Amino acid sequence: MSTPITITLPDGSAREYPAGTTAGDVAASIGRRLAKAAVAAKVTSPQVSGEVDLTRPLDDGARIAIITDDSAAGLHVLRHSTAHVMAQAVTQLFPGAKFSIGPAIEHGFYYDFDLPDGRTFSDDDLAAIDARMREIISADQPFERAELTPVEALDVFADQPYKREIIERVRAAADAADDDLDRGEVAAGDVVSVYRNTPEFVDLCKGPHVPSTGRLGHFRLQKVAGAYWRGNEKGPMLQRIYGTAWESAAALQAHLEQLAEAEKRDHRRLATDLDLLSFPSELGGGLAVWHPRGAIVRKLMEDYSRARHERGGYQFVYTPHLSKSQLFETSGHLDWYADGMYPPMEMDNGTYYMKPMNCPMHCLVYRSRPRSYRELPLRLFELGTVYRYERAGTLHGLMRIRGFTQDDSHIYCAPEQASDEITSLLDFVLSVLRAFGFDEFTFNLSTKDPQKYVGADEDWDAATEALRRALDRHGLEYELKDGDAAFYGPKIDIDVRDAIGRTWQLSTIQYDFNHPERFGLEYVGADNARHRPIMLHRALFGSVERFFGVLIEHYAGAFPTWLAPVQVRVLPVSTAHEEYAEKVADRVRSAGGRVDLVGAGDPLGKRIRAAKLEKLPYVLVVGDDDVVAGTVGVNPRGGEVERGVDLGVFVERFADEVAFATAGALQA
RNA sequence: GCCCAGAUAGCUCAGUCGGUAGAGCAACGCACUCGUAAUGCGUAGGUCGAGAGUUCGAUUCUCUCUCUGGGCUCCA
């Protein structure tokens with residue numbers, strides 16, 4: 001027998017094992033539960049570093065951590081392995097199918113296929129593929145790893161052109177660093193790793209995988225979609241199947257319920273159900289009309305925004321929706337975003353465009369007269385409606401729309417003021433978002449896209465530094481998004497987490513030294529010399545329409561009382577109580593409440609039900625007792641019914657609740 | 001823009017193997033006058049998304065367009 005090897009566990013303890021021991025053996029030696037939950041291992045040794053299969057023999061001196069199925073890394077392995085099973089099922093059911101890539105993604109996996117004769121998948125096909133996958137899982141096929149040279153691998157995948165292309169690319173590009181897609185598919189260097197399940201089915205893959213298909217099973221195939229090979233819209237369109245996979249039936253079930261919950265909250269459905277707005281096809285895609293119920297919420301959002309900006313030292317401006325092309329030539333938008341703008345309108349004295357952004361117009365306001373350093377920072381605010389020609393396939397309810405209104409501000413300041421301004425801006429943004437019920441945020445710092453930028457590198461560096469400093473001053477964690485900046489400068493984007501854990505990108509703070517340059521903006525400094533200001537673009541809601549959509553989903557249509565289209569509904573028990581009900585409604589109305597009344601035509605239970613389906617914050621039921629005592633029966637949304645509440649007491653409580661919610665705007 | 005799937009009453013959906021359509025809810029009317037999530041009966045409501053083709057006849061089959069949904073790509 002060869003000499004034993006020493007393995008170090010995550011707690012620092014070292015154990016001895018016979019040579020040839022695998023990560024799976026180590027897991028088994030620690031405990032049955034661990035062995036059962038193990039899907040792969042993370043190993044660091046002189047020879048290997050990274051995630052490996054449980055079946056891989058360990059080297060002497062290796063440090064090892066078992067990856068279990070409920071960890072992020074473990075789920076990734078399960079999903080990736082399930083993707084392989086799906087590919088095998090498809091190649092069996094559709095002879096001649098070519099398979100390309102099949103990674104694990106958040107919550108699941110997908111795999112892209114090219115079916116013979118341009119065939120496409122149907123829903124029936126999905127059911128058949130699902131059934132075949134379950135057979136493969138029952139067969140408990142092993143995932144056997146092999147490492148090949150690229151030449152050998154090309155031979156193995158002789159009839160798989162996409163796999164060959166990946167292998168060729170990896171072989172050709174020693175600098176494959178720019179191609180994450182491919183690196184996920186094969187091992188690094190000049191070794192190509194493959195995983196074989198059966199004599200017939202082998203797939204190119206970096207691994208690791210579960211030891212055998214029997215380890216899988218808690219999955220569901222979800223949908224078929226088209227997807228471009230390598231994401232290139234000029235390339236071939238492949239057939240993609242998405243699925244979700246989890247470590248247990250319970251986790252799968254929980255995820256499916258989460259999806260159902262998200263569907264129930266879909267703002268497009270709720271907008272129809274609650275009569276908030278609609279997208280008439282006569283208008284064209286991505287254009288909405290606001291019904292009274294939606295419009296009142298929007299008005300409240302905008303009123304709140306205006307009140308906050310007024311107190312925040314902003315000055316309000318208005319600018320038109322159209323401009324001659326010259327403006328967008330000056331701003332650079334026609335150079336960079338002509339494709340995203342509505343087509344030009346030729347008119348007698350020139351070419352006009354719908355505005356895709358407000359900033360060029362605001363620059364004209366700035367430039368309308370000489371500016372002094374004493375005016376800076378100059379904060380211009382506008383609820384400015386812009387139009388962008390979003391491609392037809394990208395439109396999505398209020399979330400992606402062609403005409404929308406930005407709560408848009410451009411702050412002109414001296415470069416040395418920028419850092420302070422951004423710092424206080426962050427406070428302002430978060431305070432407004434909190435007022436709408438969001439309290440978890442994530443921050444992204446987007447830096448220069450080397451392919452798409454204007455301006456000097458030193459300016460970019462200084463601007464990025466100013467943003468970074470502001471984030472640091474707040475002690476905020478942020479993610480660096482390399483290359484995600486706008487062409488004119490770096491930015492901070494703020495995402496919020498909603499009630500069911502989804503994140504939405506809403507606010508943005510962008511640093512721009514380019515527009516002031518292009519528009520020749522200046523101010524006279526204390527030194528009596530001319531200086532160039534910098535400009536901060538910022539939006540809190542981003543788009544009022546989109547923000548409204550997010551609010552609908554966040555609250556599932558049950559808006560907080562201060563935002564609810566109808567806050568209080570009064571229901572007389574019978575017609576005899578209608579006169580008193582009118583009095584109650586008047587009283588609530590004069591306290592500023594949005595109130596309505598539904599007479600006793602329908603049974604009370606039916607009227608209550610209707611009010612609940614409309615998600616109204618308060619239903620007031622009034623009957624004989626109330627007429628006599630001057631009270632109301634209060635049925636609050638999500639709470640217990642309270643009979644005999646004094647009308648004055650209810651009105652006071654109600655007014656307090658609304659005042660508290662909007663306190664941020666009312667305080668200085 | 002590309003791939004796939006759709007579009008029937010205000011909403012959710014059924015149906016027509018080619019002979020111009022039906023339910024539930026909503027609306028309206030009548031009766032009921034009721035104390036906290038669906039009272040009963042009745043009435044009305046549809047160019048079956050738009051246009052063209054095939055056919056004696058098209059909502060149904062074919063094509064084009066528009067819009068919608070899921071993806072891809074894009075997103076100042």
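Predicted model only: the values in this text are computed from it and were never measured. Residue numbering restarts at 1 for every chain, and letters A, B, ... go by the order of the sequence lines.
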Inset, instruction - May I ask you to verify if any side-chain N or O of A:His396 is less than 4.0 angstrom from the OP1 or OP2 atom of B:G70? - result: yes
Inset, instruction - Among the candidates B:G71, B:A76, B:U33, find the nucleotide nearest to the side-chain atoms of A:Ser574. - result: B:U33
Legend entry - B:C3 phosphate, OP1 or OP2, under 4.0 Å from A:Arg240 side-chain N/O: no
Inset, instruction - Answer with base, sugar-phosphate or nothing: what part of the nucleic acid does A:Gly633 contact at a heavy-atom distance below 4.0 Å? - result: base
Inset, instruction - Examine the base of B:U36 for any acceptor or donor lying under 3.5 Å from a partner atom in the side chain of A:Arg607, and report the outcome as yes or no. - result: no
Inset, instruction - Please state whether the phosphate of B:A76, meaning OP1 or OP2, lies under 4.0 angstrom from any side-chain nitrogen or oxygen of A:Tyr389. - result: no
Legend entry - Result of checking A:Arg502, A:Arg546, A:Arg265 against A:Glu553 for salt bridge (Lys or Arg N to Asp or Glu O under 4.0 Å): A:Arg502
Inset, instruction - Give a yes/no answer on whether the side chain of A:Arg268 brings an N or O atom under 4.0 Å of OP1 or OP2 in B:G70. - result: yes
Inset, instruction - Decide, yes or no, whether a salt bridge links A:Glu642 with A:Arg653 under the criterion of side-chain N to carboxylate O below 4.0 Å. - result: yes
Legend entry - Closest nucleotide among B:G71, B:G35, B:G1 to the A:Glu233 side chain: B:G1
Inset, instruction - Identify which nucleotide among B:U33, B:A76, B:G71 has an atom closest to any side-chain atom of A:Thr575, counting heavy atoms from C-beta outward. - result: B:U33
Inset, instruction - May I ask you to evaluate whether A:Lys606 reaches the phosphate of B:G35, defined as a side-chain N or O under 4.0 Å from OP1 or OP2? - result: no
Legend entry - Phosphate OP1/OP2 of B:G6 contacted by A:Lys223 side-chain N/O (<4.0 Å): no
Inset, instruction - Give none if B:A5 has no partner; otherwise give the nucleotide forming a Watson-Crick or G-U wobble pair with it, both distances under 3.5 Å. - result: B:U68
Legend entry - Neighbour count above 12 (heavy atom, 6.0 Å) for A:Lys612 NZ: yes
